[in-house]
Number of protein chains: 2
Amino acid sequence: MLRLSKKVEYGLVALQHLAKRGGVSTVREISDENGISYDLLAKILQELKRNGMICSYQGVRGGYTLMLAPQEISITRVVDALETDNSLTECTSSSECCSREEACTIKGPMRELQTAMSSLMNSVTIAQLL
Amino acid sequence: MLRLSKKVEYGLVALQHLAKRGGVSTVREISDENGISYDLLAKILQELKRNGMICSYQGVRGGYTLMLAPQEISITRVVDALETDNSLTECTSSSECCSREEACTIKGPMRELQTAMSSLMNSVTIAQLL
DNA sequence: ATATATCGGACTGTTTCAGTCTTGTATGCT
DNA sequence: AGCATACAAGACTGAAACAGTCCGATATAT
Ligand code: SF4
Ligand code: SF4
């Protein structure tokens, strides 16, 4: 399953929305305009906030706003924040370790491929979505 | 979950093994030498055969052998053969369709990213694993 | 004939995904 | 002060995919 989760897709849509508007947007606003489940999107925005990409204002007239310039937010960062396993293989992740890691004959090339993919995703930012 | 399945990893290991040996190898041989489950690997090699990457010989002294030159087998091809969903998003796949596809504001950029990733994986072949 | 090896499909426990629901907290407005 | 608004946090669910196993069938060299 070499596929981005819906969380990442919705996260990107939300960030794009915030970048386009500039000001404060509520979860309801973003979810309605983009046809995304309110509850799901709410959780996603909370995670993005914890990561430091956006900041929140509680209470009446509250909502979310971007904390960084769109061109400073790469796809990689969004994926890192929202995806559970974001490395191509276990051995290209820092926190995991594969049982057959020392016997594995493709570990090296996999690392290279991972690096290439990461730098590719690093080169695309929210600014490119506008 | 932006991760290659174990099937793909084992498939790559098996193809690398066949490329290194040159001749005929049995499933048992490959699974033993690489510490991969026999049953699982057997199914993987059957799929690779159906795809036309390798050919099989049944019966005593049978086994599998490469049908193509190592540099002709790209990672993309292996992923396509073994992975169920191999596109970054639903909309970058030919057979699937996303419900919010016409309203989606990130569809275009996602396609571009998919293209870039595909060409990256297309440029890596079994020959690079040797 | 028989041992060897692929072929094909059913089956299982575990994990992840996508989405929902509920309860709590902060805050602007009247 | 009180209320409506909007974020905060976590539990919970059904469905799907993953990784692996098991078993019976078929083909073939010796
Ligand atoms: S060591 Fe080999 S088998 Fe293990 S995760 Fe890395 S590539 Fe996959
Ligand atoms: S259309 Fe948008 S939401 Fe649907 S799969 Fe493509 S990117 Fe994801």
Side-chain angles (χ1 to χ4, degrees), chain A residues 1-11 13-14 18 23-32 34-51 53-65 67 79 82-87 89-90 93 96 98-100, chain B residues 1-11 13-14 18 23-32 34-51 53-65 67 79 82-87 89-90 93 96 98-100:
Chain A
M1 188 81 115
L2 199 49
R3 173 160 301 182
L4 255 23
S5 68
K6 287 291 178 189
K7 277 170 68 177
V8 170
E9 290 188 26
Y10 297 160
V13 169
L18 290 174
V24 176
S25 299
T26 82
V27 176
R28 179 64 63 187
E29 202 179 308
I30 303 176
S31 77
D32 279 356
N34 294 97
I36 300 172
S37 152
Y38 170 84
D39 288 302
L40 184 52
L41 185 61
K43 287 182 74 81
I44 292 169
L45 288 178
Q46 282 174 37
E47 289 186 70
L48 294 181
K49 184 220 163 178
R50 269 183 231 122
N51 185 279
M53 274 177 263
I54 59 183
C55 57
S56 67
Y57 303 96
Q58 285 197 50
V60 177
R61 290 188 52 86
Y64 289 98
T65 184
M67 267 189 99
V79 171
L82 297 175
E83 203 88 43
T84 54
D85 284 327
N86 55 337
S87 60
T89 62
E90 281 178 47
S93 155
E96 300 164 277
C98 169
S99 57
R100 49 188 297 284
Chain B
M1 187 80 115
L2 201 49
R3 173 161 298 182
L4 255 24
S5 67
K6 287 292 180 192
K7 277 172 68 178
V8 170
E9 290 188 26
Y10 297 161
V13 168
L18 290 174
V24 176
S25 298
T26 90
V27 175
R28 179 64 64 189
E29 203 179 307
I30 303 176
S31 78
D32 279 356
N34 294 96
I36 301 172
S37 152
Y38 170 83
D39 287 302
L40 184 52
L41 185 61
K43 287 180 74 79
I44 292 168
L45 289 178
Q46 282 174 36
E47 289 186 70
L48 294 181
K49 185 221 162 179
R50 270 182 230 122
N51 185 278
M53 273 177 263
I54 59 182
C55 57
S56 67
Y57 304 96
Q58 285 198 51
V60 178
R61 288 186 55 83
Y64 288 98
T65 184
M67 266 189 100
V79 171
L82 297 176
E83 204 87 44
T84 53
D85 284 326
N86 54 338
S87 60
T89 61
E90 282 178 46
S93 154
E96 300 164 275
C98 169
S99 57
R100 48 188 297 286

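Side chains included, hydrogens not; waters and symmetry mates left out as well; all remaining heavy atoms used. Labels below follow one simple rule: chain letters A, B, ... track the order of the sequence lines, proteins then strands, and each chain is numbered from 1.
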**Student:** Write down the distance between CG (A:Asp32) and P (D:dT5), rounded to a whole number of angstrom.
**Tutor:**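 After rounding, the reported distance stands at 14 Å.
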**Student:** Touch check for B:Arg3, heavy atoms < 4.0 angstrom, all strands: base, sugar-phosphate only, or nothing?
**Tutor:**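 B:Arg3: no heavy atom of the nucleic acid under 4.0 Å.
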**Student:** Quick one: salt bridge (charged side-chain N to carboxylate O under 4.0 Å, His left out) partners of B:Glu83, sequence neighbours excluded?
**Tutor:**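 Per chain and number, B:Glu83 pairs via salt bridge (charged side-chain N to carboxylate O under 4.0 Å, His left out) with no residue.
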**Student:** Atom CZ of B:Arg100 and atom P of C:dA18: how far apart are they, to the nearest Å?
**Tutor:**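 Atom-to-atom, B:Arg100 to C:dA18, this comes out as 13 Å.
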**Student:** Of all heavy-atom pairs between A:Cys98 and B:Lys6, which one has the smallest distance, and what is that distance?
**Tutor:**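 The pair with the smallest heavy-atom distance is SG-NZ, 3.9 Å.
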**Student:** Could you give the CD-to-C1' distance, from B:Glu9 to D:dG20, as a whole number of Å?
**Tutor:**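 Nearest whole value for this atom pair: 15 Å.
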**Student:** Show the distances under 3.5 angstrom between N or O atoms of the protein and N or O atoms of nucleotides 19-23 of chain C.
**Tutor:**
{"residue": "C:dT20", "atom": "OP2", "partner": "A:Ser37", "partner atom": "OG", "Å": "2.8"}

**Student:** Quick one: closest heavy-atom pair of B:Thr26 and B:Gly62, and the distance?
**Tutor:**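 The answer is CG2-O, 3.8 Å.
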**Student:** Rounding to a whole Å, what distance do you find between B:Gln46:CD and D:dT26:P?
**Tutor:**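 From B:Gln46 CD to D:dT26 P: 15 Å.
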**Student:** On DNA chain D, compare the nucleotides closest to B:Leu4 and A:Tyr64; which residue's is nearer the 5' end?
**Tutor:**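 This one resolves to A:Tyr64.
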**Student:** Could you please name the option among C:dG28, C:dC17, C:dG8 that lies closest to any side-chain atom of A:Val60?
**Tutor:**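 The answer is C:dG28.
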**Student:** Check the distance between D:dA19's C1' and B:Leu41's CG and give it to me in whole angstrom.
**Tutor:**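 For the pair B:Leu41 CG and D:dA19 C1', the rounded distance is 13 Å.
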**Student:** For B:Leu18 and B:Ser25, work out which heavy atoms get closest and say how close.
**Tutor:**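 Closest approach of B:Leu18 to B:Ser25, heavy atoms only: CD2-CB, 3.7 Å.
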**Student:** Using the test side chain to side chain donor-acceptor pair (under 3.5 Å), find all partners of B:Glu47 that sit at least two apart in sequence or belong to another chain.
**Tutor:**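 By the side chain to side chain donor-acceptor pair (under 3.5 Å) rule, B:Glu47 matches B:Lys7.
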**Student:** Side chain of A:Gln58 only, heavy atoms from C-beta on: which candidate in C:dC7, D:dA6, D:dA4 is closest?
**Tutor:**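 The listed nucleotide nearest to A:Gln58's side chain is D:dA6.
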**Student:** With a 4.0 Å limit, can you tell me whether A:Lys49 has a side-chain N or O closer than that to the phosphate oxygens OP1/OP2 of D:dC7?
**Tutor:**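 No, no such contact exists.
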**Student:** Output yes when at least one side-chain N/O atom of B:Ser56 is less than 4.0 Å from OP1 or OP2 of C:dC7, else no.
**Tutor:**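 Yes, B:Ser56 has a side-chain N/O under 4.0 Å of OP1/OP2 on C:dC7.
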**Student:** If you take all heavy atoms of A:Leu41 and A:Val27, which pair is closest and at what distance?
**Tutor:**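 It is CD2-O, 3.9 Å.
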**Student:** Which pair of non-hydrogen atoms, one from A:Ile54 and one from A:Tyr64, has the smallest distance, and what is that distance?
**Tutor:**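 Reported closest heavy-atom pair: CD1-CD2, 3.6 Å.
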**Student:** Using the test side-chain contact (heavy atoms from CB on, under 4.5 Å), find all partners of B:Asn51 that sit at least two apart in sequence or belong to another chain.
**Tutor:**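 side-chain contact (heavy atoms from CB on, under 4.5 Å) check on B:Asn51 returns B:Met53, B:Arg77, B:Ala81.
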**Student:** Let me know the distance between OH of A:Tyr57 and C1' of C:dC29, rounded to the nearest Å.
**Tutor:**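 My rounded result for the distance is 19 Å.
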**Student:** Would you say D:dT5 has OP1 or OP2 under 4.0 Å from some side-chain N or O of A:Arg28?
**Tutor:**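 No, no such contact exists.
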**Student:** Return the polar atom pairs (N/O with N/O) between nucleotides 11-16 of chain C and the protein under 3.5 Å, or none.
**Tutor:**
none

**Student:** Could you work out, with side-chain contact (heavy atoms from CB on, under 4.5 Å) as the rule, every residue matching B:Ser93, not counting sequence neighbours?
**Tutor:**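 In terms of side-chain contact (heavy atoms from CB on, under 4.5 Å), with neighbours along the sequence ignored, B:Ser93 is linked to A:Arg3, B:Ser87, B:Ser95, B:Glu96.
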**Student:** When you measure from the side-chain N and O atoms of A:Arg61 to the phosphate of D:dA6, is any distance below 4.0 Å, counting only OP1 and OP2?
**Tutor:**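 Indeed not, no polar side-chain atom of A:Arg61 lies that close.
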**Student:** Mind checking the NZ-OG1 spacing from B:Lys49 to B:Thr65? Nearest 0.5 Å is all I need.
**Tutor:**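 If we round to the nearest 0.5 Å, B:Lys49:NZ and B:Thr65:OG1 are 13.0 Å apart.
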**Student:** Nearest whole angstrom, please: distance from the C1' of C:dA18 to the CD of A:Glu83.
**Tutor:**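 Distance, rounded to whole Å: 12 Å.
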**Student:** Could you check how far CG of A:Leu2 sits from P of C:dC17, rounded to whole Å?
**Tutor:**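 Spelled out: CG on A:Leu2 to P on C:dC17 is 13 Å.
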